[in-house]
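The figures that follow rest on heavy atoms only: side chains count, while hydrogens, waters and symmetry mates do not.
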Amino acid sequence: MTNWTDLQRAMGETGYVASDDLAMALHIAGRLGRPLLLEGAAGVGKTEVARVLAAVQDTRLIRLQCYEGLDASHAIYEWNYQRQLLAIRAAAEDGAGARAAEERVFSEEFLLERPLLAAIRQEKSPVLLIDEIDRADEEFEAYLLEILSEYQITVPELGTLKAVTRPTVILTANGTRDLSDALRRRCVYAYVDYPSRETELEILIARCPEIADHLAAQIVGFVQSVRREDLEKKPGIAEMLDFAAALSGLGIADLNDDPQVLGATLATLLKTRTDRDALPLEVAQRLAGKAA
């Protein structure tokens, strides 16, 4: 993309409405060859950015889902131990020497690529999504910093494997823990917030064009009102779209048509018992009555 507005327009054609700040950050990160760190509440569309970017660039999306205890063997590479054992046994039966057997089993043939290694060995630069990096341990960040600095990985048995192409790297974080200053320094940064009413309405119309304008406006107004309630898990954009699809599938033309249907479809927005109790049907009806 020659400029950030071209990128923003291309993302819009896939159904993702990117803010000016987000589109600019994506463009800058691409021009500088830096990773982009996206922070924000769960459900605001951070992960979707990587999927859409891969679609826009017509390239592969490689995803690393982070979690507590994630280590190099699951994120970078590991050896296919079962095949190695079979190869060693076969070598012994053939009378091959120990040195020859060792050289064979510690070769590319037995190397299992995990997301980080796979991302630097693609012929065409992929989009590498490192999702929820704040869920991984601080020790894992040390592995990651080396890879993001040099775009190369050292495998003791094979040596240093340098990048064939440099991936476009997107990291997401939900604020589970503070990230290190070293990681932040290496990234371009953008905060992804819940969309404005106008933006969310644009998203809904782009994703669900069959929904009438009146109902679409009610849905967005209702969901944004629900987010202002005291909830444990505020509904994100994906939940809003599920809510809209559920209403459309049930043939609802107005949120105030059927209180029972409204109550049932809250299952798409509220995902804990505490939140369901915090938003009884009477409250939902009141919010729906004000939505427009």
Side-chain angles (χ1 to χ4, degrees), residues 15-17 19 38-49 51 63 65-70 131-137 172-179 191-208 210-292:
Y16 190 97
V17 182
S19 67
L38 299 177
E39 282 191 313
V44 294
K46 302 184 300 297
T47 299
E48 187 73 0
V49 171
R51 187 194 67 78
R63 178 176 180 175
Q65 178 62 52
C66 297
Y67 54 86
E68 186 177 353
L70 177 66
D131 213 7
E132 298 183 311
I133 180 60
D134 51 334
R135 292 188 180 276
D137 301 327
T172 72
N174 296 334
T176 303
R177 68 169 176 84
D178 290 335
L179 300 175
Y191 186 84
V192 184
D193 206 348
Y194 289 108
S196 66
R197 178 187 176 87
E198 293 74 19
T199 300
E200 191 157 17
L201 185 57
E202 191 177 348
I203 292 169
L204 176 55
I205 292 171
R207 294 296 185 92
C208 304
E210 72 282 359
I211 293 180
D213 292 346
H214 172 69
L215 180 59
Q218 283 188 317
I219 289 170
V220 170
F222 177 75
V223 171
Q224 296 213 338
S225 295
V226 169
R227 290 189 189 125
R228 289 192 287 269
E229 297 294 309
D230 186 19
L231 302 176
E232 287 183 343
K233 299 184 182 298
K234 298 183 186 299
I237 297 171
E239 284 79 14
M240 181 274 292
L241 294 172
D242 287 344
F243 180 59
L247 291 169
S248 178
L250 291 169
I252 299 299
D254 190 290
L255 279 187
N256 300 293
D257 282 349
D258 191 331
Q260 288 188 331
V261 170
L262 176 63
T265 53
L266 289 177
T268 61
L269 296 176
L270 307 176
K271 302 301 178 69
T272 70
R273 181 176 180 179
T274 302
D275 286 348
R276 290 301 299 268
D277 292 341
L279 196 77
L281 183 56
E282 314 85 72
V283 176
Q285 285 181 273
R286 174 171 54 81
L287 297 178
K290 295 179 179 180

For this session: For the pair L70 and D137, evaluate side-chain contact (heavy atoms from CB on, under 4.5 Å) and give the outcome as yes or no after the intermediate values.
Result: CA-CA 7 Å; L70 177 66; D137 301 327; over 6 Å; no
Please set out all donor-acceptor pairs under 3.5 angstrom arising from side-chain atoms of residues 260-269, sequence neighbours excluded.
unit_1, atom_1, unit_2, atom_2, d
T265, OG1, V261, O, 3.0
T265, OG1, L262, O, 3.0
T268, OG1, T265, O, 2.7

Kindly give the heavy-atom pair with the smallest separation between [X] and [Y], and that separation in Å.
X: E229; Y: K234; value: O-NZ, 3.0 Å
X: L215; Y: A253; value: CB-O, 3.8 Å
X: V226; Y: L231; value: O-CD1, 3.4 Å
X: V223; Y: P235; value: CG1-CG, 4.4 Å
X: Y194; Y: A41; value: OH-CB, 3.8 Å

Interatomic distance, [X] atom [atom1] to [Y] atom [atom2] [nearest 0.5 angstrom]:
X: N256; Y: Q285; atom1: CG; atom2: CD; value: 8.0 Å
X: L287; Y: R228; atom1: CG; atom2: CZ; value: 8.5 Å
X: L201; Y: D213; atom1: CG; atom2: CG; value: 7.5 Å
X: E48; Y: T172; atom1: CD; atom2: OG1; value: 12.5 Å
X: L255; Y: H214; atom1: CG; atom2: NE2; value: 7.5 Å
X: N174; Y: I133; atom1: CG; atom2: CD1; value: 12.0 Å

Whether [X] side chain and [Y] backbone form a donor-acceptor pair below 3.5 Å:
X: Q224; Y: G221; answer: no
X: R276; Y: L270; answer: no
X: Y16; Y: G45; answer: yes
X: K46; Y: G40; answer: yes
X: R177; Y: D134; answer: yes

Exercise. Between E132 and T176, is a side-chain contact (heavy atoms from CB on, under 4.5 Å) present by the stated rule, with each step listed?
Worked result: CA-CA 9 Å; E132 298 183 311; T176 303; over 6 Å; no
Exercise. Any salt bridge between D275 and K233, counting N to O under 4.0 Å?
Worked result: no
Problem set entry | Close side-chain approach of K290 to S225, heavy-atom, < 4.5 Å | no
Exercise. Within a strict 4.5 Å, meaning less than it, do heavy atoms of the M240 and I237 side chains meet?
Worked result: yes
Problem set entry | Heavy-atom neighbours of D178 CG exceed 12 at 6.0 Å | no
